[in-house]
Novice: 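This is the structure, below, for whatever I ask next.
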Amino acid sequence: MIRDLTAKLASIAIMMFARALTAARAIWHETGLPPKQSVYFANHSSHGDFVLVWAVLPPWLRERARPVAGAEYWLKSKLSAFIGRDVFDAVLIERDPEARTQDPVEQMTTVLNDGSSLILFPEGTRNQTEARLLPFKSGLYHLACKRPDVALVPVWINNLNRVMPKGEFVPIPLICTVTFGEPMRLKAQETKEEFIARAEAALLALSPTSTEDNA
Amino acid sequence: MSTASLDMLKLLSGVGGILVLASSIGYVLKQRLSPDGTNGAIENLNARIKAWWAMVILIAIAFVAGRVGVLLLFAFCSFAALREFITLINTRRADHWAIAAAFFVVLPINYFLLWAEEYGIYSIFVPVYAFLLMPIIAVMRGDTRDFLLRISEVQWALMICVFCASHVPALLTLQIPGYEGRNVLLIAFLVIVVQSSDVLQYVWGKLFGKTKIAPTLSPSKTVEGFVGGVASATLIGASLWWITPFTPVQAALMSLIITLMGFFGGLVMSAIKRDRGVKDWGHLIEGHGGLIDRLDSVVFSAPIFFHLTRYWWSLT
């Protein structure tokens with residue numbers, strides 16, 4: 001009870017902090033808001049990424065959206081486990097294929113079957129390179145095979161990597177935008193490579209550098 | 001009730017009346033020309049009027065809250081403006097600490113010095129101390145790429161968004177004989193003259209605008225809009241002489257200087273936007289773009305208005 005209340009308050013506090021710092025603003029696709037149940041797949045450059053996606057979603061979409069995160073990172077300390085599990089209700093997956101006891105795709109499918117949405121970072125890890133996007137892992141494809149009916153929504157998070165680059169512990173206030181693309185689905189007969197390439201292209205198309213010259 | 005709050009009340013009812021009129025006109029125009037919300041110009045006009053209400057109410061609350069309220073309001077404006085500015089400039093990883101210092105050290109100290117009425121140090125804090133210390137923080141990281149460009153942009157952001165913008169609340173620190181307790185009306189005078197100049201330039205331009213005045217910078221600005229807007233805003237300023245320490249002629253001259261600075265400030269800020277490839281500084285205010293889009297002319301006129309008033313009228 002107290003734990004739930006603390007978690008609720010913490011989530012509001014974290015969201016308000018993220019908003020005050022970044023004035024985060026959603027840019028929706030011209031077809032409107034994403035469907036109620038979606039798999040949001042986003043670029044990953046900061047630990048705050050899913051907080052920002054979460055913060056800009058309207059409440060009825062937000063309450064069912066659960067971020068997918070690495071178990072070994074979020075279970076490192078009691079505090080981070082509390083934030084990961086209780087505050088954000090994250091789906092914690094084991095990233096190391098050798099050591100894992102549960103199949104991540106199975107875990108994610110179960111969550112979708114419960115009616116929740118997922119916030120997923122198919123690059124698998126935070127992008128610290130100059131490249132705009134790292135090659136996707138195949139999880140998104142396997143998930144799409146299991147639940148071809150659920151819409152996959154590309155989400156580009158802009159500027160958050162400048163707010164708090166890796167290794168810094170003081171965030172700087174900068175305006176961030178979260179751009180939602182057109183929902184996509186796995187096509188019949190589409191191969192893994194084709195689908196992954198299409199998903200990567202759909203996400204990249206939302207990055208501001210591909211639409212304007214303001215690098 | 002003191003004469004200052006009485007005058008403030010008169011002023012607010014005047015501004016409120018004009019806004020009620022503007023809202024009614026906006027409503028009628030919408031009913032007649034854009035009932036389905038498709039006429040862009042009308043929708044934009046109504047969004048602007050709505051944002052005007054929000055701004056006037058906010059400023060009124062700050063005035064009622066007194067000196068601290070005004071300082072907090074402008075400190076928040078500086079914060080939001082600085083955030084818009086820094087978002088658009090070239091920064092590298094190595095600037096992280098310098099930028100953090102700009103937000104969390106320079107900005108609070110600048111406003112603290114105003115609160116403490118330490119004019120001597122306030123007036124040189126950003127131009128001297130921040131100017132010299134910020135590049136020192138940046139250089140510690142050893143990244144030399146675009147170094148001069150990077151440190152100049154951060155300093156420029158601080159000068160515009162923090163130093164110049166804070167000259168609006170700085171008007172409260174002036175000590176003008178016979179004008180004690182009424183300084184907040186100087187802020188009202190400045191803001192009303194600048195904003196009415198912006199609006200009237202827009203209106204005159206829409207009605208009679210033919211000759212573009214700065215086609216490469218701001219294609220919507222016209223000679224007719226400029227002359228009409230500046231002249232009518234100067235008249236409005238002159239008619240407000242009773243809330244200032246000035247005579248009507250002095251108030252007109254001050255208004256002329258304020259509107260000219262505001263106009264050219266708008267051009268400078270629009271050149272920066274064009275250079276960065278954006279149309280607006282941000283999206284903070286519906287119908288107005290970012291905060292800097294509304295503040296640009298105030299920012300350029302405030303320091304000049306402050307210093308002219310200080311030089312000729314103030315004891316400090």
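In the text below, chain A, chain B and the rest are named by the order of the sequence lines, each starting its count at 1.
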Novice: Got B:Phe103 and A:Val170 here, is their nearest side-chain heavy-atom distance under 4.5 Å?
Specialist: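 No. Closest side-chain heavy atoms not under 4.5 Å.
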
Novice: Which answer fits B:Phe85, side chain, backbone, both or neither, if we ask what part of it has an atom under 4.5 Å from a heavy atom of chain A?
Specialist: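 Looking at B:Phe85, nothing touches chain A.
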
Novice: Once the angle between the rings of B:Tyr129 and B:Phe125 is folded into 0 to 90°, is it parallel (under 30°), tilted (30 to 60°) or perpendicular (over 60°)?
Specialist: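 Ring orientation, 0 to 90° scale: parallel.
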
Novice: Kindly assign one of parallel, tilted or perpendicular to the pair A:Phe50 and A:Phe88, based on the angle between their ring planes and the thresholds 30° and 60°.
Specialist: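 Geometry flag for A:Phe88 against A:Phe50: perpendicular rings.
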
Novice: Checking an interface table here. Which of residues 4-43 of chain A come within a heavy-atom distance under 4.5 Å of chain B?
Specialist: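 Those residues of residues 4-43 of chain A which have a heavy atom under 4.5 Å from chain B are A:Arg19, A:Ala20, A:Leu21, A:Thr22, A:Ala23, A:Arg25.
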
Novice: Verify the distance criterion only: is there a donor paired with an acceptor across the side chains of A:Arg132 and A:Ser207 at less than 3.5 Å?
Specialist: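 A:Arg132 vs A:Ser207: donor-acceptor pair found between side chains.
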
Novice: Heavy atoms only, distances under 4.5 angstrom: which of B:His96, B:Glu84, B:Arg93 has the most pairs with chain A? Name it, please.
Specialist: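 Max contact count across the listed options: B:His96.
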
Novice: Aromatic ring centroids of B:Tyr122 and B:His167 under 6.0 Å?
Specialist: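 Aromatic pair counts; centres sit under 6.0 Å.
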
Novice: For the pair A:Asp86 and A:Arg3, find out whether any cationic side-chain nitrogen is under 4.0 Å from an anionic carboxylate oxygen.
Specialist: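 A salt bridge is present here (some side-chain N lies under 4.0 Å from a carboxylate O).
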
Novice: Do the side chains of B:Tyr111 and B:Phe74 get nearer than 4.5 Å, heavy atoms only?
Specialist: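 Heavy-atom side-chain distance check passes, below 4.5 Å.
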
